[in-house]
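A quick write-up on the structure given underneath.
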Amino acid sequence: MDQAQAQKLFEEGALLVIKDVPIRTEFGIDTNSWNTGPKFLGVKMIPPGLHFIYYSAVDKEGGTAPRTGFFHYFRKGELLALRWDAASEMLVDDISDMGRENMRLDKQNLDR
């Protein structure tokens, strides 16, 4: 991807922010997956369209819970903000409108 394409996708692509995800959680979107680190906050530059988001909790011994996931149709420039609920080991949608707006304004710092 060249610089112009990356800039366009940064400006027009969707943003998935996930707060409080434990370190080493298996997280993925479509065919890409990662084990989260201490600074993980989500994924940006998501092309508009239907995507599969999935995750699996990992215990202290490295055992992985069954994969959980959902489909989401991202619109151009959309922000989907979720939070990890440690009690249920699920993603929950309880971010305030003000919190979402702050995330949108700070998307450039998502991977710092």
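This one's a predicted model, so the numbers in the text were calculated from it and none came from an experiment. Along the sequence shown, the residues carry numbers beginning at 1.
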Review item, side-chain donor-acceptor pairs of residues 64-71, under 3.5 Å, at least two apart:
{"unit_1": "Arg67", "atom_1": "NH2", "unit_2": "Glu26", "atom_2": "OE2", "d": "2.3"}

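- Among residues two or more places apart in sequence or in another chain, the side-chain contact (heavy atoms from CB on, under 4.5 Å) test is passed with Asp59 by Glu61.
- Panel note: side chain Glu101, backbone Met98; no donor-acceptor pair is recorded below 3.5 Å.
- Counting heavy atoms from C-beta outward, Ile18 and Arg83 have side chains that stay 4.5 Å or more apart.
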**OP:** Take Phe27 and Phe40 through the test ring pair (Phe, Tyr, Trp, His ring centres under 6.0 Å) and record every step on the way to the result.
**Re:** CA-CA 10 Å; Phe27 171 82; Phe40 177 79; 5.1 Å; yes
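- Looking at Thr36, its side chain does come within 3.5 Å of a backbone N or O of Thr25 through a donor-acceptor pair.
- In this structure the side chain of Tyr55 never reaches within 4.5 angstrom of the side chain of Glu89, judged on heavy atoms.
- Side-chain contact check for Asp85 versus Leu91: every heavy-atom pair is 4.5 Å or farther apart.
- With rounding to the nearest 0.5 Å, the separation of CZ in Arg75 from CD1 in Ile46 is 12.5 Å.
- The distance from atom CD1 of Ile95 to atom CG of Leu82, rounded to the nearest 0.5 Å, is 7.5 Å.
- The distance from the CG atom of Leu79 to the CG atom of Leu15 is 5.0 Å, given to the nearest 0.5 Å.
- The CE atom of Met45 sits 14.5 Å away from the CG atom of Leu16 when rounded to the nearest 0.5 Å.
- Going from atom CG of Leu105 over to atom CG of Asn102 covers 6.5 Å, rounded to the nearest 0.5 Å.
- One finds the CD atom of Glu12 at 4.0 Å from the NZ atom of Lys76 (value rounded to the nearest 0.5 Å).
- Considering only heavy atoms from C-beta on, Leu80 comes within 4.5 Å of Phe74 through its side chain.
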